[in-house]
**Q** 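Mind having a look at this structure? Questions to follow.
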Amino acid sequence: MGTDTAGTRPATKGSTAQAARPMRADARRNYERLLTEARTAFIEHGTDTSLEDIARRAGVGIGTLYRHFPNRTALMGAVFQGEVEALLTYARELADAPQPCHALVDWLRAIITHASTYRGLSRALMAASADDSSGMARCSVPMREAGAALLNRAQQAGAVRPDVNISDLLQLTNGIALAVEESPDDPKLADRLLTLTLTGLRADH
């Protein structure tokens with residue numbers, strides 16, 4: 001497991017101001033290299049991999065990494081933005097599905113599939129759900145909004161209990177993803193746990 005000694009360095013006024021300005025070409029190249037290497041490292045070693053190693057693989061110093069990403073969660077949020085966009089697109093595609101409850105469950109299953117690509121992502125999303133100031137908030141906030149739309153539609157159709165809320169449901173889904181991550185030799189675990197979840201969600205339960 002990789003470690004870093006400054007993985008939670010707070011953002012400075014300078015880094016905030018720099019983020020607000022358009023990046024020079026060399027800075028943009030560094031930014032893209034860092035994202036590429038971070039994505040590879042997170043897939044290979046998990047989200048707790050060494051930030052120093054990511055910087056080294058990108059050919060930059062750790063200070064350059066922190067100028068772009070003031071802490072680990074900011075880097076994770078940037079890396080996972082593509083996965084979030086895919087899930088948001090899928091939520092929009094499911095918005096008019098003829099069976100709202102099935103649409104909701106299909107979307108939750110997609111979350112588990114995406115989260116399982118990166119060891120540690122589920123845990124990070126669970127933590128971010130309680131902190132909208134987190135570097136992962138730009139992932140978790142739009143996900144809650146998209147999920148709430150699917151959940152509300154299923155509730156309006158009478159398929160899901162009215163007391164279910166999206167925050168609890170996403171926490172449960174991330175918990176399932178974490179269980180799947182810890183049980184790689186059980187490919188049917190996600191579907192079994194989702195079936196149990198659906199049983200609890202049903203309005204006639």
Side-chain angles (χ1 to χ4, degrees), residues 1-90 110-147 167 170-171 173-175 177-178 180-182 184:
M1 176 185 301
T3 59
D4 59 280
T5 57
T8 56
R9 180 180 296 182
T12 63
K13 292 182 179 179
S15 64
T16 301
Q18 184 184 46
R21 297 195 302 266
M23 280 189 278
R24 301 189 314 269
D26 58 338
R28 169 59 63 179
R29 285 193 296 272
N30 288 340
Y31 178 88
E32 295 297 341
R33 282 201 302 267
L34 284 165
L35 280 184
T36 297
E37 295 301 337
R39 183 174 291 107
T40 299
F42 289 164
I43 290 172
E44 292 177 352
H45 306 295
T47 58
D48 59 351
T49 192
S50 166
L51 297 187
E52 284 86 353
D53 185 56
I54 291 172
R56 180 186 58 77
R57 290 169 60 161
V60 301
I62 188 65
T64 297
L65 183 150
Y66 282 123
R67 279 196 294 275
H68 289 290
F69 309 103
N71 50 51
R72 182 181 295 275
T73 54
L75 177 58
M76 290 168 61
V79 167
F80 301 138
Q81 192 60 38
E83 280 71 16
V84 170
E85 290 300 329
L87 288 166
L88 296 180
T89 297
Y90 189 39
I111 292 176
I112 294 171
T113 299
H114 279 260
S116 64
T117 304
Y118 303 92
R119 189 172 69 254
L121 175 56
S122 301
R123 188 177 292 106
L125 287 171
M126 291 174 77
S129 68
D131 181 9
D132 286 349
S133 67
S134 163
M136 288 289 287
R138 66 175 179 169
C139 293
S140 62
V141 171
M143 291 280 286
R144 286 203 301 268
E145 293 173 350
S167 294
L170 286 177
Q171 286 285 67
T173 301
N174 284 320
L178 184 58
V180 171
E181 176 185 309
E182 297 296 326

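Everything quoted here is computed from the prediction, not taken from an experiment. Basis for what follows: all heavy atoms, side chains included, without hydrogens, waters or symmetry-related copies.
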**Q** Any side-chain heavy atom of Leu88 within less than 4.5 Å of one from Glu145?
**A** no
**Q** Going by an N to O cut-off under 4.0 Å, is there a salt bridge joining Arg28 and Glu32?
**A** yes
**Q** Just how far is it from atom OG1 of Thr49 to atom CD of Glu37, taken to the nearest 0.5 Å?
**A** 11.0 Å
**Q** Any side-chain heavy-atom pair from Asn174 and Leu178 closer than 4.5 angstrom?
**A** no
**Q** Do the rings of Phe42 and Phe80 sit parallel, tilted or perpendicular, given the 30° and 60° boundaries?
**A** tilted
**Q** State the CG-CZ distance between Leu170 and Arg144, to the nearest 0.5 angstrom.
**A** 8.0 Å
**Q** Side chain of Arg119, backbone of His45: donor and acceptor closer than 3.5 Å?
**A** yes
**Q** To the closest 0.5 Å, what do you measure between CG (Leu87) and NE2 (His114)?
**A** 4.5 Å
**Q** Looking at Arg57 and Glu44, does any basic side-chain N land under 4.0 Å from a carboxylate oxygen?
**A** yes
**Q** Kindly give the heavy-atom pair with the smallest separation between Arg33 and Ala58, and that separation in Å.
**A** NE-O, 3.0 Å
**Q** If we ignore hydrogens and angles and just use 3.5 Å, is the side chain of Thr89 paired with the main-chain N or O of Glu85 as donor and acceptor?
**A** yes
**Q** With distance as the sole criterion, is a donor-acceptor pair present between the side chains of Arg39 and Thr36 under 3.5 Å?
**A** no
**Q** If every non-hydrogen atom of Tyr66 is compared with every non-hydrogen atom of Leu51, which pair is closest and at what distance?
**A** OH-CD1, 3.7 Å
**Q** Would you mind checking if Arg56 and Asp53 are paired as a salt bridge, meaning a charged N to carboxylate O distance below 4.0 Å?
**A** yes
**Q** Given side chains that start at C-beta, do those of Thr40 and Ile54 come closer than 4.5 Å, heavy atoms only?
**A** no
**Q** Supply the atom-to-atom distance Gln81 CD to Met76 CE, rounded to the nearest 0.5 angstrom.
**A** 13.0 Å
**Q** Supply the atom-to-atom distance Ile111 CD1 to Tyr90 OH, rounded to the nearest 0.5 angstrom.
**A** 11.0 Å
**Q** Considering only heavy atoms from C-beta outward, does the side chain of Asn30 approach that of His68 to under 4.5 Å?
**A** yes
**Q** To check you understand the geometry: which heavy-atom pair defines the closest contact between Tyr118 and Glu181, and what is its length?
**A** O-OE1, 4.0 Å
**Q** Of all the heavy-atom pairs spanning Phe69 and Ala78, show the shortest one and how long it is.
**A** CE2-CB, 3.6 Å
**Q** Which pair of non-hydrogen atoms, one from Val84 and one from Pro142, has the smallest distance, and what is that distance?
**A** CG1-CG, 4.4 Å
